[in-house]
Student: 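I am attaching a structure below and will ask some questions about it afterwards.
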Amino acid sequence: MIALVDCNSFYASCEQVFRPDLQNKPVIVLSNNDGCAIAANKHAKALTEIPMFQPIFKIKNLLDENNVSYFSSNYTLYSDMSRRVMNTLRAFSPLVEEYSIDESFVDLSHSTDLDFQNLGSIIKKTVEKNTGIPVGVGIAKTKSLSKLANKFAKKIPENNDVYVVDTEEKRRNLLINLKVKDIWGIGKKHTERLQKINIITALDFAEMPLDWVRKEMTIIGERLWRELNNEICLELNPIPDAKQGIGTAKSFGKKLTDYTLIEEACSFYVSEVADLLRQQKSAATEIEVFLQTNQFSQSDPQYKNKIIVKLYSPTNSTISLTKAALKGLREIYLPGYRYKKVGVNLTHFVPENEIQASLFDEKTKIESEEITKVMDILNNKFGKNKVKLAVVGTREKEWSLIKEHRSPRFTTQWDELLTIGKAE
DNA sequence: TCTGGGGTCCTAGGACCC
DNA sequence: TCTGGGGTCCTAGGACCC
């Protein structure tokens, strides 16, 4: 059996752990730049007039009228809370696949406790006790069924956040009570197509002729169909695969026209993705740079462009990657526009210990790799970004994200620890 | 004024090989 | 009249996920 453990309204729950005064009150979390609402706890979701993924300026009044607390996203806090949840889950099984920041598949096949209903409740209680984060637990034979069981666990209050599919009756009960769109892997397009031919519930889908599913929804559809019928097609993968691409692109805090500021932001993003690249011990053979204006603006002239810069030989050196990125940026930058976003993408990786050197590698490239190593050592010892390239500059405030409502990084910064009462 | 960010997998079709 | 057959690699675009 496989358990899918998913944190309830994860970002909002993280905020509430440190704000007991907000218990049972509506809380939402905003996207980068405080742009949209991206997460809401159940009290906020109950206020159905507050839609997710809406620009915040459009719903600000609603939030105030309903006394909704809102926070800028605080990924430092959420990552650390996620780590705590995942570590708690590892006590229940050596095989845990971290599927996303707030959910994991847990292999229970070696569990000695065969009362899965009870085990599910214990998992839930333990995570909540250790971390303060409420979770839902779905347990079934396949990943797709446990995903669905998790959804059902949370949907029906009597399930108390735990649902186990261990009999045919419970499998049918699950499938008949959920819609096609609830199935993991069936999105908007397929839902529309299925509805047209009167496939409404998850059970309708699981009972369709398999050859139709295979033909119209490819191998992905076929696997889902089989998994809903208790056949394992998606294996649990406890060791994360190396990423095939690493990118970042963030909107500026305000529109930029000054090339050197865009260059500084771009260089900063390169240093971020290059760090991640080195952490997974890969080297990239291509870097993509893109630049765009605000697509929502009615009045500003629009421009967007991207360019792929090929590296002579694979590298993960911040210096080489920055040089390549800025070369690309210079080519696509046009003066006269108000830019909203710049981004970089590293792709076509090779393992860093299998780099095929180029006959024409310059001495400077080898030097830049050595310098990058030294920078990593210094930054690990003295803190992130203590040593950086001069081109990154010191004007981060001019372009960085807006986070006006960020909570303290309670668990990772000494000077932001939670204070319990103050001496007068 | 203000509209998120980071990923994965699959397929068809083109270009190429012997 | 009739113009092979078997394969690989790469890319763009679609669909989906959190």
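Naming: A, B, ... by sequence-line order, numbering from 1 per chain. Please read all numbers here as calculations on a predicted model, not as lab measurements.
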Student: Starting at atom CG of A:Asp241, determine the distance to atom P of B:dT8, rounded to an integer number of angstrom.
Tutor: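 Taking atom P of B:dT8 as the reference, CG of A:Asp241 is at 9 Å.
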Student: Would you say A:Lys403 places a side-chain N or O within less than 4.0 Å of OP1 or OP2 belonging to B:dG4?
Tutor: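 Negative; the distance criterion is not met.
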Student: Determine: side-chain N/O of A:Gln244 to OP1/OP2 of B:dC9, distance under 4.0 Å, yes or no.
Tutor: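 Affirmative; the distance criterion is met.
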Student: Have a look at A:Tyr99 and say if it touches a base, only the backbone sugar-phosphate, or nothing, with a 4.0 Å heavy-atom cut-off.
Tutor: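 Sugar-phosphate only.
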Student: Could you tell me how far apart A:Ile56 (CD1) and B:dG4 (C1') are, to the nearest whole angstrom?
Tutor: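 The answer, rounded to whole Å, is 12 Å.
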Student: Check every atom of C:dC16, C:dC18, B:dC2 against the side chain of A:Asn294 and return the nucleotide holding the closest atom.
Tutor: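 Selected nucleotide: B:dC2.
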Student: Which part of the nucleic acid, if any, lies within reach of A:Lys188 when heavy atoms closer than 4.0 Å are counted: base, sugar-phosphate only, or nothing?
Tutor: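 Contact class for A:Lys188: sugar-phosphate only.
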Student: When the nearest nucleotide of DNA chain B is assigned to A:Ser251 and to A:Lys255 on a heavy-atom basis, which residue is associated with the more 5' position?
Tutor: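 Looking at DNA chain B, the more 5' nearest nucleotide goes with A:Lys255.
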Student: Quick check: on DNA chain B, is the nucleotide nearest A:Ile219 upstream (toward 5') of the one nearest A:Phe57, or the reverse? Name the residue that is more 5'.
Tutor: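 Nearest nucleotide further toward 5': that of A:Phe57.
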Student: Categorize A:Arg214 for me: base, sugar-phosphate, or nothing, with a 4.0 angstrom heavy-atom threshold over every strand shown.
Tutor: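 Counting heavy atoms under 4.0 Å across all strands, the contact made by A:Arg214 is with sugar-phosphate only.
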Student: Between A:Phe71 and A:His405, does the ring centre distance come in under 6.0 Å?
Tutor: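 No - the distance between ring centres of A:Phe71 and A:His405 does not fall below the 6.0 Å cut-off.
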Student: Please tabulate, for the side chains in residues 334-344 of chain A, all donor-acceptor contacts under 3.5 angstrom to protein atoms that are two or more places apart in sequence or on a different chain.
Tutor:
unit_1   : atom_1 : unit_2   : atom_2 : d
A:Arg338 : NH1    : A:Asp300 : OD1    : 3.2
A:Arg338 : NH1    : A:Asp300 : OD2    : 2.6
A:Tyr339 : OH     : A:Leu334 : N      : 3.2
A:Tyr339 : OH     : A:Leu334 : O      : 2.6

Student: Expressed in angstrom and rounded to an integer, what is the separation of A:Lys243 atom NZ from C:dC17 atom P?
Tutor: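 Computing the A:Lys243:NZ to C:dC17:P distance gives 19 Å.
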Student: Round to the nearest Å and state the distance from A:Glu286 atom CD to C:dA12 atom C1'.
Tutor: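 It is 14 Å, rounded to the nearest whole Å.
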Student: With a 4.0 Å cut-off on heavy atoms, is A:Ile101 in touch with a base, just the backbone sugar-phosphate, or nothing at all?
Tutor: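 Answer is nothing: A:Ile101 stays at 4.0 Å or more from every strand.
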Student: Go through C:dA15, B:dG4, C:dC18 for me and flag the one nearest to the A:Tyr75 side chain.
Tutor: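 The nucleotide sitting nearest to the side chain is B:dG4.
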Student: So what does A:Asn33 touch, heavy atoms closer than 4.0 Å: a base, only the sugar-phosphate, or nothing?
Tutor: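 Contact class for A:Asn33: none.
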Student: Taking OP1 and OP2 of C:dC17, is either one under 4.0 Å from a side-chain nitrogen or oxygen of A:His190?
Tutor: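 Answer no for this pair, as no side-chain N or O of A:His190 is under 4.0 Å from OP1 or OP2.
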Student: Roughly, in whole Å, what's the span from CD in A:Gln280 to P in B:dG6?
Tutor: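 Rounding to the nearest Å, CD of A:Gln280 and P of B:dG6 are 15 Å apart.
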Student: Is A:Gln295 touching bases, backbone alone, or none of the nucleic acid, heavy atoms closer than 4.0 Å?
Tutor: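 No contact.
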Student: Does a side-chain N-to-carboxylate-O contact under 4.0 Å join A:Lys170 and A:Asp166?
Tutor: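 Salt bridge flag = yes for A:Asp166 with A:Lys170.
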Student: Check the distance between B:dG5's P and A:Phe252's CZ and give it to me in whole angstrom.
Tutor: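 Atom CZ in A:Phe252 sits about 11 Å away from atom P in B:dG5.
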Student: Nearest whole angstrom, please: distance from the C1' of C:dC16 to the CZ of A:Arg223.
Tutor: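 Answer to the nearest Å: 13 Å.
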Student: Mind checking the C1' distance from B:dC17 to C:dG4? Whole angstroms is fine.
Tutor: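 Going atom to atom, C1' in each nucleotide, I get 15 Å.
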Student: Give a yes/no answer on whether the side chain of A:Thr248 brings an N or O atom under 4.0 Å of OP1 or OP2 in B:dG6.
Tutor: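 True: A:Thr248 side-chain N/O within range (under 4.0 Å) of B:dG6 OP1/OP2.
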Student: Walk me through it: do A:Phe10 and A:Ser82 pass the test side chain to side chain contact (heavy atoms under 4.5 Å, CB included)?
Tutor: CA-CA 9 Å; A:Phe10 182 56; A:Ser82 169; 4.0 Å; yes
Student: Can you spot which of A:Asp6, A:Asn8, A:Val137 makes a side chain to side chain contact (heavy atoms under 4.5 Å, CB included) with A:Asp161?
Tutor: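 Looking at A:Asp6, A:Asn8, A:Val137, the match for A:Asp161 under the side chain to side chain contact (heavy atoms under 4.5 Å, CB included) is A:Asn8.
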Student: Out of B:dG5, C:dC18, B:dT3, which nucleotide sits closest to the side chain of A:Pro55?
Tutor: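 Of all the options, the side chain of A:Pro55 is nearest to B:dT3.
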Student: Identify whether any heavy atom of A:Lys340 sits under 4.0 Å from a base atom; if not, whether one sits that close to sugar-phosphate; answer base, sugar-phosphate or nothing.
Tutor: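 Sugar-phosphate contact only.
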Student: May I ask you to test the A:Thr142-A:Leu234 pair for a side-chain heavy-atom distance under 4.5 Å?
Tutor: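 They are not in side-chain contact.
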Student: For a quick test of reading the model: is some side-chain N or O of A:Lys147 closer than 4.0 Å to OP1 or OP2 of C:dC17?
Tutor: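 No.
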Student: Taking any heavy-atom pair under 4.0 Å as a contact, classify A:Leu234: base, sugar-phosphate, or nothing.
Tutor: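 It contacts nothing in the nucleic acid.
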Student: Distance check needed: B:dG6 P versus A:Tyr269 OH, whole Å only.
Tutor: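 To the nearest whole Å, that distance equals 8 Å.
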Student: Suppose we define a pair by two distances each less than 3.5 Å, Watson-Crick or G-U wobble; what does B:dA15 pair with here?
Tutor: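 With both distances under 3.5 Å, B:dA15 matches C:dT8.
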Student: With distance as the sole test, does A:Arg171 use its side chain to make a donor-acceptor pair with the main-chain N or O of A:Leu228 at under 3.5 Å?
Tutor: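 Present.
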Student: Among B:dG4, B:dG6, C:dC18, which is the nearest nucleotide to the side chain of A:Lys250?
Tutor: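 For the A:Lys250 side chain, the nearest candidate turns out to be B:dG6.
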